[in-house]
There are 2 protein chains.
Amino acid sequence: MSVMRAAASGLADQAGHRPSAARERILATASRLFYSEGIHAVGVDRVIAESGVAKATLYAHFTSKEELVAAYLAQASDEWQQWMRTSLERAALPPGESVLAVFDLVGERFQAPGFRGCPFINAAAEFPGPGRVTERIDAHRTRVRDLFAGLARSAGAAGPESLADTLTMLYDGAMISAQLDGRPAAAQDAREVARGLLAAA
Amino acid sequence: MSVMRAAASGLADQAGHRPSAARERILATASRLFYSEGIHAVGVDRVIAESGVAKATLYAHFTSKEELVAAYLAQASDEWQQWMRTSLERAALPPGESVLAVFDLVGERFQAPGFRGCPFINAAAEFPGPGRVTERIDAHRTRVRDLFAGLARSAGAAGPESLADTLTMLYDGAMISAQLDGRPAAAQDAREVARGLLAAA
DNA sequence: ATTATGACAGACAGGTCTGTCTACAATCAA
DNA sequence: TTGATTGTAGACAGACCTGTCTGTCATAAT
């Protein structure tokens, strides 16, 4: 059975889906559209059309639109974590500097064309209730906070847990300012405030 | 003509609409639904039904749904400004304390039942492009920033303009944390950071 | 008394939404 | 060859979307 082969050879992704060109095209198209135009504003017909896939194929891979949205967020979170970790590792900075480097890294993204804020904050605005989407948002929030907590701990800061909350808050605030005010420099502002907090801790 | 009378007697609102029970019911219902469930998730039929109004009446007062959304945001911004100003005036604090009081005030809102973040941040997530909605968002952002800039200037802080940007960023970050992490204490965290910034300036 | 206004109820059009279904083609393994 | 898998194409259902329209009624100014 090919599923077993795929799993045995490590080709399945973490959710157990084996790689499929159609699935990846759907997810890539959905990610682009959901992020740039909003989720409720984009119908599945649009995703179908722009990914060149049959409707039945989409519903074979994702049981509902909400599931597709959850997959979009899961992928975005994975990519964020991958990018953050490898970037920080490659820089090989002392722990205190790594905290600040996070703000430099997101600052670059603020200037990228098509930047429209945080996918998770945006999704939260559209999906109030509990559900798959909210689960993915919560999971990502935990990842961000854990990243800061780990870096703060490595830096030997006093009260790394509470500091992580504050750093996450700065991170969010910078994102909002970059998105709503078109002010990518918010990343540097946040970085400066973070520097002060680290020095005090 | 009654419109002239209404205008002459000062009964017209700032957009030139004269007070109308139906209009107010529509706007109140739309505000409640848009804020709590998201904008694209609520159709005009729903607003009609729950405000007990005829569809023709809604479209007599608002040319389109987008216009209704813009009116919702305009009203939310007006109420925010009114509430902020009167609260700060009533407290009659020294300027430096007033800046911090802003965070105390929003902190109270974070705990209010039904709190679901900032209406403007949420709306921005759903309305990417330029348009009436984005205009109202920008206008409100300016109000928030101007409030901080004015208070910072009164407090005699160095670089009140740049400080206003940073304070707005903290304000946004606290709102996001309260909404997404269910952490109303973010207001106090932001307040503490703001206190440090003011002391340094 | 007449006219104007505002609001009511609700049908209607034309489109889009999500999700299901049937039928057919291509690939590949047994 | 045969059968399983995966994908494509597109019709279809039923609900909901925004926005328009007709017609009725109550109120109130002229």
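Labels below follow one simple rule: chain letters A, B, ... track the order of the sequence lines, proteins then strands, and each chain is numbered from 1.
Rounded to an integer number of Å, the gap from CD1 of B:I48 to P of C:dA9 is 10 Å. In this structure, CD of B:E67 is placed 15 Å from C1' of D:dT18, rounded to the nearest angstrom. Taking atom CD of residue B:E24 and atom P of nucleotide C:dA7, one finds them 11 Å apart after rounding to whole Å. The CG-P distance, from B:L58 to C:dA7, rounds to 11 Å in whole Å. In this structure, B:E37 atom CD and D:dC17 atom P are separated by 11 Å, rounded to whole Å. As rounded to whole Å, 17 Å separates atom P of C:dC17 from atom CG of B:D45.
Side-chain nitrogen and oxygen atoms of A:T57 include none within less than 4.0 Å of the OP1 or OP2 phosphate oxygen of D:dG7. Residue A:S64 has no polar side-chain atom (N or O) positioned under 4.0 Å from OP1 or OP2 of C:dT18. The shortest distance between the side-chain N/O atoms of A:H40 and the OP1/OP2 oxygens of C:dC17 is not below 4.0 Å. When the side-chain nitrogen and oxygen atoms of A:R46 are compared with OP1 and OP2 of C:dG15, none of them lie within a distance under 4.0 Å.
Across C:dC8, C:dT18, D:dT8, the shortest atom-to-atom separation from the side chain of A:Y59 is found for C:dT18. Considering only the side chain of B:H61, C:dA7 comes nearest among C:dT18, C:dA7, D:dG7. Out of D:dT8, C:dA7, C:dT18, the shortest distance to the side chain of B:R25 is found at C:dA7.
The closest donor-acceptor contact from the side chain of B:Y35 to the backbone of B:P119 lies at 3.5 Å or more, if one exists at all.
Below 30°, between 30° and 60°, or above 60°: for A:F127 and A:H40 the angle between ring planes is between 30° and 60°, a tilted geometry.
Using a 4.0 Å heavy-atom criterion, one finds that B:A56 contacts the bases of the nucleic acid, with or without backbone contacts as well.
The shortest side-chain heavy-atom distance between A:K55 and A:V44 falls under the 4.5 Å cut-off.
If you look at B:F103 and B:F148, their ring centroids are closer than 6.0 Å.
A:K55 contributes a side-chain N or O that forms a donor-acceptor pair with the base of C:dG19 under 3.5 Å.
Between the side chains of A:R183 and A:S177, a donor-acceptor pair is found at a separation under 3.5 Å.
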